[in-house]
Amino acid sequence: MAESPITSRAQDFATWYQDVVLQGDMAEPAEIVKGCMVIKANGYAVWELLQRELDDRFKATGHQNYYFPMLIPQSFLHKEAEHVEGFSPELAVVTMAGGKQLEEPYVLRPTSETIIGHFFAKWIKSWRDLPMLLNQWANIIRWELRTRMFLRTTEFLWQEGHTAHSNHDEAVQEVLRMLDVYADVAENVMAMPVIKGLKTQSEKFAGALQSYSIEAMMQNGFALQAGTSHDLGQNFGKAFDVQFQNKEGQLEYVWQTSWGVSTRLIGGLIMSHSDDKGLVLPPKLAPVKAVMVPIYRKDEEKEKVLEAAHRIAKDVGAKVDDREGQSPGAKFFHWERRGVPVVLELGPRDLAAGNAVVKRRDTGTKEPMPQADLASKLPVLLGDMQKAMYDAAKQRLKANTVLANSIEEVESVLKDVTAEKGGGKFVMAHLKDDARCDARMKEFKATIRCIPLVDEYDGPGKCIVTGERVDRRVVIAKAY
RNA sequence: CGGGACGUGGCUCAGCCUGGUAGAGCACUCGCUUGGGGUGCGAGGGGUCGGCAGUUCAAAUCUGCCCGUCCCGACCA
């Protein structure tokens, strides 16, 4: 028995994650480009499925896709004070082009609020032009000091929605509507339960009035901010002079929103479901849903088995692994590591019985099924798996969420938690949205992840740092 | 960007301390064999030892600088 190429989660969660990404053929470090990765076929196919799910929902809510330049005049970033302050440390700047020094350097887009603000100003004149609802699929460059594949890389792929509205209420509705879209995709497509909430003022997007996020729990109990949606107020409208004439003929600044999810979601997907054997993909995001592995001994068997395998596989939409010179065992491990939800085994014994052996990736259970039933039962099985994976993740989230009523309790739960050893929790405690509270959490390397939109606990209470009354408990955790 | 570890055929690593003809296992190619969870045997191909300088008769090995990866910290989706 060969040794597993995958480090166990218990031994070292961070190395496990790395192993799963590599062995699952999702991505690998770009090595010649610092902090960047190559997203490989299996990883990119997952991204394409996610893109489709998201894009369909964006279109359904009235958004249209645009594409803006990746090069942004440096001065644009400076027009919004908080924005430039927030992003300056991670900007990559182009100072030379065509062999000459540029008059004004370009930054490689870290996000597009500024360049889109410029065009909004050009396009928006009247209340009739509003709301303007657009989205962009793009690559982003942020000079991160520490990178991890999918979770944080120098270059990554994302979508950024940008909208402009005639009043604040409508903008806020948009912010919450898109947060709901993200939560829907996370839970119903990725099978990854999330908590929707408001970011604290110190955690919000640079330049926003308010930021909302969905927060997911990884298997080591760390939080992952899986999507964000920002109420930009009139900050960018004022910075870029985006004004429209209202019905009364007066000039007003627009109210803007922006919202995004990135390839980071794939990291979240991996850390939500995968196990010590490798990648586990929810059926809805599996590029290959079922693989049939033919098993045979003699040439005569081989012919019969392969014929039946191709016929049945075609019928049920499975891929046949008919590679020569690979033993069935080797094939099982191969597809297992790549996260394929269902493996069908077909050998002489099954042919004789009219069955195929069905193995599901999430639970590892294996059972024979009549060939005639496969076409109808496989979709049902995939649906069951999708649900079971969500339920398991939800259960884990519940089991690892605890209440705390003092700063000492919070600290005792989180102080020894590390990304490698795991044991992380979501700690629910009453805390005020106040820099003092954020600072206190930082002392043991935790953060206020969000103030949940829905209070599932005991309502108002006294802030455990400031003693002031607050509405509800917030989510405290160590995070990626 | 600070601290630590590391970089040797595609992969995992030995060799380095004590300088002297570059190794193993896996993978790959060919042949036979095998096939219900990584078959076995035999033959074969493949490496400017991360890069650049330096010390030396001689550098994978010693020294310096640089690049990259991983972990920890500060910054972040």
Side-chain angles (χ1 to χ4, degrees), chain A residues 1-5 7 12-19 21-23 28-37 85-91 110-111 140-160 182 199 202-206 211 213-216 223-230 258-268 277 293-299 301-302 305 323-337 343-351 353 355-357 359 364 366 368 418-421 442 445 447 479-480:
Chain A
M1 180 72 121
E3 258 182 55
S4 171
T7 306
D12 181 342
F13 192 87
T15 305
W16 166 81
Y17 173 74
Q18 180 89 352
D19 289 345
V21 170
L22 292 171
Q23 295 296 325
E28 65 180 57
E31 84 199 2
I32 44 166
V33 190
K34 184 179 167 64
C36 292
M37 64 176 168
E85 194 191 332
F87 280 102
S88 286
E90 37 189 322
L91 294 179
T111 180
I140 291 295
I141 299 280
R142 292 183 188 171
W143 216 256
E144 301 290 353
L145 299 177
R146 181 177 181 181
T147 57
R148 290 184 169 102
M149 284 190 286
F150 289 115
L151 298 176
R152 177 166 293 107
T153 46
T154 300
E155 180 182 15
F156 59 96
L157 305 180
W158 80 349
Q159 65 59 223
E160 44 182 326
Y182 289 156
K199 284 292 191 184
S202 39
E203 293 278 327
K204 72 176 184 184
F205 176 76
S211 290
S213 71
I214 51 172
E215 301 284 334
L224 182 77
Q225 179 173 306
T228 49
S229 189
H230 313 293
S258 68
W259 27 275
V261 295
S262 71
T263 37
R264 165 178 259 203
L265 286 177
I266 296 173
K277 292 173 183 165
V293 175
I295 296 154
Y296 45 78
R297 242 177 263 259
K298 306 164 208 138
D299 279 357
E301 282 175 352
K302 174 177 171 183
V305 169
R323 287 175 297 163
E324 296 280 350
Q326 292 270 10
S327 69
K331 292 178 181 178
F332 295 148
F333 280 108
H334 176 81
W335 296 110
E336 186 168 71
R337 282 201 294 268
V343 170
L344 302 166
E345 303 177 18
L346 190 74
R349 296 208 295 265
D350 306 299
L351 280 190
N355 287 333
V357 173
K359 173 152 193 196
K366 203 154 119 167
T418 65
E420 304 72 59
K421 288 186 295 180
K442 209 169 182 177
K445 287 152 198 138
T447 44
Y480 277 106

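Numbers restart at 1 for each chain; the letters A, B, ... are given by sequence-line order, proteins then strands. Treat the numbers as computed from the prediction; the structure is a model and nothing was measured.
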Partner nucleotide, any strand, of B:rA60 [Watson-Crick/G-U, under 3.5 Å] = none
Complementary nucleotide of B:rC41, counting Watson-Crick and G-U pairs under 3.5 Å = B:rG31
Please determine, for the side chain of A:E345, which listed nucleotide (B:rC71, B:rC75, B:rG36) has the closest atom?
-> B:rG36
Would you kindly give the CE-to-C1' distance between A:M37 and B:rC70, to the nearest whole Å?
-> 16 Å
How far, in whole Å, is B:rG50 from B:rA14 if one measures between their P atoms?
-> 13 Å
Using a cut-off of 4.0 Å on non-hydrogen atoms, how would the nucleic acid contact of A:D12 be classed: base, sugar-phosphate, or nothing?
-> nothing
Quick one: which of B:rG35, B:rG38, B:rU69 gets closest to the side chain of A:K34?
-> B:rU69
C1' gap between B:rU61 and B:rG4, integer Å = 23 Å
Side-chain atoms of A:F332 come closest, of B:rG36, B:rG35, B:rC71, to B:rG36
Partner nucleotide, any strand, of B:rG7 [Watson-Crick/G-U, under 3.5 Å] | B:rC67
Provide, to the nearest angstrom, the distance between the CD atom belonging to A:Q23 and the C1' atom belonging to B:rC11.
-> 9 Å
Sugar-phosphate, base or nothing in reach of A:V261, heavy atoms under 4.0 Å | nothing
Select base, sugar-phosphate, or nothing to describe what A:K445 touches, counting heavy atoms under 4.0 Å on all strands.
-> sugar-phosphate
Any-strand Watson-Crick or G-U partner of B:rA22, both distances under 3.5 Å = none
Quick one: label A:I140 by what it contacts on the DNA or RNA (base, sugar-phosphate, nothing), any heavy atom closer than 4.0 Å.
-> nothing
With a non-hydrogen cut-off below 4.0 angstrom, is A:Q18 in contact with a base, only sugar-phosphate, or nothing?
-> sugar-phosphate
Expressed in angstrom and rounded to an integer, what is the separation of A:R148 atom CZ from B:rC75 atom P?
-> 14 Å
Distance, C1' atom - from B:rG51 to B:rU69, rounded to whole angstrom = 15 Å
Spell out, as yes or no, whether a donor-acceptor pair under 3.5 Å connects the side chain of A:T263 to the backbone of A:L157.
-> yes
Does A:G260 offer a backbone N or O that forms a donor-acceptor pair with the side chain of A:Y182 under 3.5 Å?
-> yes
Checking B:rG38, B:rG36, B:rC75 against the side chain of A:L145 (C-beta onward), the nearest is B:rC75
With the side chain defined as heavy atoms from C-beta on, A:R337 is closest, among B:rG38, B:rG36, B:rC75, to B:rG38
Can you tell me, in whole Å, how much space there is between the P of B:rC52 and that of B:rA60?
-> 12 Å
Could you state the CD1-C1' distance from A:I295 to B:rU34, rounded to the nearest angstrom?
-> 14 Å
Sticking with atom P, work out how far B:rG73 lies from B:rG36, rounded to a whole angstrom.
-> 45 Å
Which is true for A:E144 with a 4.0 Å heavy-atom rule: it touches a base, it touches only sugar-phosphate, or it touches nothing?
-> base
What is the distance from atom CH2 of A:W259 to atom NE2 of A:H230, rounded to the nearest 0.5 Å?
-> 11.5 Å
A:Y480 near the nucleic acid: base, sugar-phosphate alone, or nothing, with a heavy-atom cut-off under 4.0 Å?
-> nothing
What integer number of Å spans the P atoms of B:rG10 and B:rC49?
-> 13 Å
Think A:K442 has a side-chain N or O under 4.0 angstrom from the OP1 or OP2 of B:rC75?
-> yes
Look at A:R349 together with A:E301 and state whether they make a salt bridge at an N to O cut-off of under 4.0 Å.
-> no
Whichever of A:T147 and A:K204 has its nearest RNA chain B nucleotide further upstream toward 5' | A:T147
Whole-Å gap separating P (B:rG35) and CZ (A:R349) = 12 Å
Have a look at A:T153 and say if it touches a base, only the backbone sugar-phosphate, or nothing, with a 4.0 Å heavy-atom cut-off.
-> base
Is it true that atom CD of A:Q326 has more than 12 heavy atoms of other residues, nucleotides or ligands lying nearer than 6.0 Å?
-> yes
Donor-acceptor pair under 3.5 Å, A:R297 side chain vs B:rG36 base | no
Separation between the P atoms of B:rG45 and B:rG25, rounded to whole Å = 15 Å
Using a 4.5 Å cut-off on heavy atoms from C-beta on, say whether the side chain of A:P29 contacts that of A:L22.
-> yes
Comparing A:G227 and A:G364 on RNA chain B - which has the more 5′ nearest nucleotide = A:G364
With P as the reference atom in both, quote the distance from B:rA22 to B:rU12 in angstrom, rounded to an integer.
-> 24 Å
Does the side chain of A:F87 come within less than 4.5 Å of A:R142's, by heavy atoms?
-> yes
In whole Å, what is the span from the CE atom of A:M149 to the C1' atom of B:rC71?
-> 14 Å
Indicate, with a heavy-atom threshold strictly under 4.0 Å, whether A:R142 touches base, sugar-phosphate, or nothing.
-> base
Partner of B:rC16 under the Watson-Crick or G-U wobble criteria, both distances under 3.5 Å, comes out as none
Between atom CZ in A:F333 and atom P in B:rA27, what is the gap in whole Å?
-> 14 Å
A:T418 backbone acceptor or donor facing A:K445 side chain under 3.5 Å = no
Expected output: side-chain A:Q159 to main-chain A:V261 donor-acceptor under 3.5 Å = yes
What is the distance, rounded to the nearest whole Å, between atom CG of A:L22 and atom P of B:rU12?
-> 9 Å
Base, sugar-phosphate, or nothing: which does A:A226 touch, judged by heavy atoms less than 4.0 Å apart?
-> nothing
Under 4.0 Å between any heavy atoms, over every strand shown, what does A:G35 touch: base, sugar-phosphate, or nothing? Just pick one.
-> sugar-phosphate
For B:rC49, the Watson-Crick or wobble counterpart (both distances under 3.5 Å) = none
